[in-house]
Amino acid sequence: MTGVGMFDVLLAVVLPVLAWWVVAGPDLFRSVVLFIVFGLLLALVWVRLRAPDVALAEAAIGAGLTGALLLDTLGRLRAEGWGTGDDQRGSDAGASGGEHPSV
Amino acid sequence: MNAAVLYTLMGVGLFSIGLHGFLAQPHLLRKVLALNIMGSGVFAVLMATAWRGPQLPPDPVPHALVLTGIVVAVSATAFALALLRRIHTATGRASLPEDTAA
Amino acid sequence: MTVTEWCSLALTTAGAFFFFAGTVGVLRFPDVYTRLHALTKADGLGLGLIVLGLIVRTQGWTEVCQLALIWILVMVSSATACHLVARAALGTGVRLWRRPG
Amino acid sequence: MHEWYGGLASFLLLNVVVGLLRVLRGPTPADRMLAAQLFGTTGVATLLLLAPTFGPALNDIALVFALLAAVTVIAFVRRSWFPVNWEGKGSHDGD
């Protein structure tokens, strides 16, 4: 793989789009899942830059451990209620911050 | 356009998006996500500087820095999430008072 | 190209096709349970064919064992995960899809 | 030969990108998690296909990817998904 191939362009375009969805999407659970996918694809970037050690660390703790921590926190937040109890549709309605529906 | 330039641009983009989210989003969990994305952007720039073409092996020093950075980022994220839970149990909301007043 | 290389090419391409089919299934199927069905096909068959295609061209036994181990691990974890997700979906009342009409 | 493997890896990456639509659309959290699990397996396949080009270390990363998917899904099911009545229908007796 010399030069810039389709693999690189695909990764370099998708990752910022993914980051934008994580940061600005409407649903918090969706953001967390997209963040896990983001870590997965970032590990592929490290592989492509010939850093398998960094890719290993990124896959194990960057995406795996952080994803588990985030999901756990999300579940805890929901178990304690989002504030107003407006959580009938699970993560779809109440996930954007409970008392702050403008998020 | 080689791989280093491409991934440097991507890293700068990721950092900008993360910074925007960190400043603009009131929900604390989203701030944590945005912070992680900012960090990933910095890592991407560092890794791109280590790239020395397809023939030569890449520079190992930025690799070591990024490896350390990933571990530190995970620890900081865990700490931030613990603080977030504490704030949520104490105040019943998952955002800072400055953000909710607006 | 030798015969083993042709075999490897054919097997990996077939595996990639099953991943494509799995992605299409996850996108097009109507509910969680049918999507799980599509997902397990990609996991088992797609990865199995790709692993087989790469085993054909390896030299040593260690790499063969490693690849087979990866496949077995993915099979076990995917079966467990799919079972957990399906049971949780059923327990929380996600309805089964019925053909309309 | 290696070019062909690289092409297949790009194709699998394209599959992941298209499959992101399922994560975006939902509708239930299980659907999103399911798509993430598919991406994990596709990532394993991509790494295995890149291994002839970039060296056998990628097989180890593929192993870690396989573990990652399991850990994430189990964290999701055990910690993050509660019996909320989806689509307003009565729930089963869930255990």
Side-chain angles (χ1 to χ4, degrees), chain A residues 1-5 7-9 11-25 28 31-32 34-35 38-39 42 45-46 48-54 56-58 60-66 69-70 72-74 76-77 80-84 95-100 102-103, chain B residues 1-7 9-11 13-14 16-18 20-22 24-30 32-34 36-41 43-44 47-48 50-51 53-55 57-58 60 62-64 66-67 70-71 73-75 77-78 81-82 84-85 88-89 92-95 99-100:
Chain A
M1 276 204 189
T2 54
V4 172
F7 199 77
D8 301 307
V9 175
L11 278 176
V13 170
V14 168
L15 278 168
V17 174
L18 215 49
W20 178 253
W21 283 334
V22 169
V23 159
L28 205 51
S31 289
V32 170
L34 284 173
F35 183 76
F38 177 86
L42 203 61
V45 172
W46 302 156
R48 193 258 169 269
L49 288 173
R50 291 173 70 180
D53 44 352
V54 181
L56 198 66
E58 175 76 38
I61 54 182
L65 192 58
T66 313
L69 284 173
L70 288 167
D72 190 25
T73 306
L74 205 57
R76 185 67 63 92
L77 288 188
E80 290 174 358
W82 290 100
T84 57
S96 51
E99 297 177 17
H100 325 294
S102 62
V103 172
Chain B
M1 180 78 112
N2 62 13
V5 178
L6 185 71
Y7 287 117
L9 287 177
M10 186 193 81
L14 288 182
S16 320
I17 291 168
H20 167 77
F22 186 67
Q25 299 287 342
H27 197 285
L28 281 173
L29 189 59
R30 220 177 267 269
V32 173
L33 289 174
N36 269 295
I37 285 174
M38 276 169 76
S40 303
F43 296 157
M47 295 295 281
W51 178 250
Q55 264 73 43
H63 286 191
V66 171
L67 210 52
I70 287 173
V71 178
V74 170
S75 320
T77 304
L81 290 176
L84 162 59
R85 282 185 185 182
H88 191 257
T89 26
R93 54 183 62 193
S95 53
D99 287 326
T100 47

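Residue numbers start from 1 in every chain, and the chains themselves are labelled A, B, ... in the order their sequence lines are given, proteins ahead of strands.
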Asks: For A/Thr73, which atoms come within 4.5 Å of any heavy atom of chain B: side chain, backbone, both, or neither?
Replies: both
Asks: Shortest non-hydrogen contact from B/Gly21 to A/Val23?
Replies: CA-CG1, 3.1 Å
Asks: So what's closer than 4.5 Å to chain A heavy atoms on B/Ala44: side chain, backbone, both or neither?
Replies: both
Asks: Give me the atom names and distance for the closest heavy-atom approach of B/Ile17 to A/Pro16.
Replies: CD1-O, 3.4 Å
Asks: At a 4.5 Å cut-off on heavy atoms, which part of A/Leu18 comes close to chain B: side chain, backbone, both, or neither?
Replies: neither
Asks: Of all of B/Gly39, B/Pro60, B/Pro58, B/Ser16, which one pairs up most often with chain A through heavy atoms under 4.5 Å apart?
Replies: B/Pro58
Asks: Taking all non-hydrogen atoms of both residues, which atom of A/Leu15 and which atom of B/Met10 are closest, and how far apart?
Replies: CD1-SD, 3.6 Å
Asks: If you count heavy-atom pairs under 4.5 Å with chain A, which of B/Leu81, B/Thr89, B/Leu67, B/Leu29 comes out on top?
Replies: B/Leu81
Asks: Checking side-chain contact (heavy atoms from CB on, under 4.5 Å) for the pair B/Leu14/A/Phe38: CA distance, chi angles, key distance, verdict?
Replies: CA-CA 11 Å; B/Leu14 288 182; A/Phe38 177 86; 3.8 Å; yes
Asks: For a side-chain contact (heavy atoms from CB on, under 4.5 Å) check, start with the C-alpha distance between A/Asp72 and B/Arg85, then their side-chain angles and the critical distance, and finish with the verdict.
Replies: CA-CA 11 Å; A/Asp72 190 25; B/Arg85 282 185 185 182; 3.0 Å; yes
Asks: Sequence neighbours left out, what passes side-chain contact (heavy atoms from CB on, under 4.5 Å) with A/Ile61? Give chain and number order.
Replies: A/Leu65, B/Ile70, B/Val71, B/Val74
Asks: Give the minimum heavy-atom separation between A/Gly25 and B/Arg30, together with the two atoms involved.
Replies: O-NH1, 2.9 Å
Asks: Non-hydrogen atoms of chain A under 4.5 Å away: do they reach the side chain of B/Ala78, the backbone, both or neither?
Replies: both
Asks: Would you mind checking which part of B/Phe22 comes under 4.5 Å of any heavy atom in chain A, side chain (CB onward), backbone (N, CA, C, O), both or neither?
Replies: neither
Asks: Look only at the side chain of A/Arg50 and the backbone of B/Trp51, and say whether a donor-acceptor pair between them is shorter than 3.5 Å.
Replies: no
Asks: Of the non-hydrogen atoms in B/Ala48 and A/Leu49, which two are nearest, and what is the gap between them?
Replies: N-CD1, 4.4 Å
Asks: Counting heavy-atom pairs under 4.5 Å to chain A, which of B/Ile37, B/Asn36, B/Leu28 comes out on top?
Replies: B/Ile37
Asks: For B/His20, what residues pass the ring-ring contact (aromatic ring centres under 6.0 Å, His included) criterion, not counting sequence neighbours?
Replies: A/Trp20
Asks: Examine whether an atom of A/Leu70 lies under 4.5 Å from a heavy atom of chain B, and if so say whether it belongs to the side chain, the backbone or both; otherwise answer neither.
Replies: both
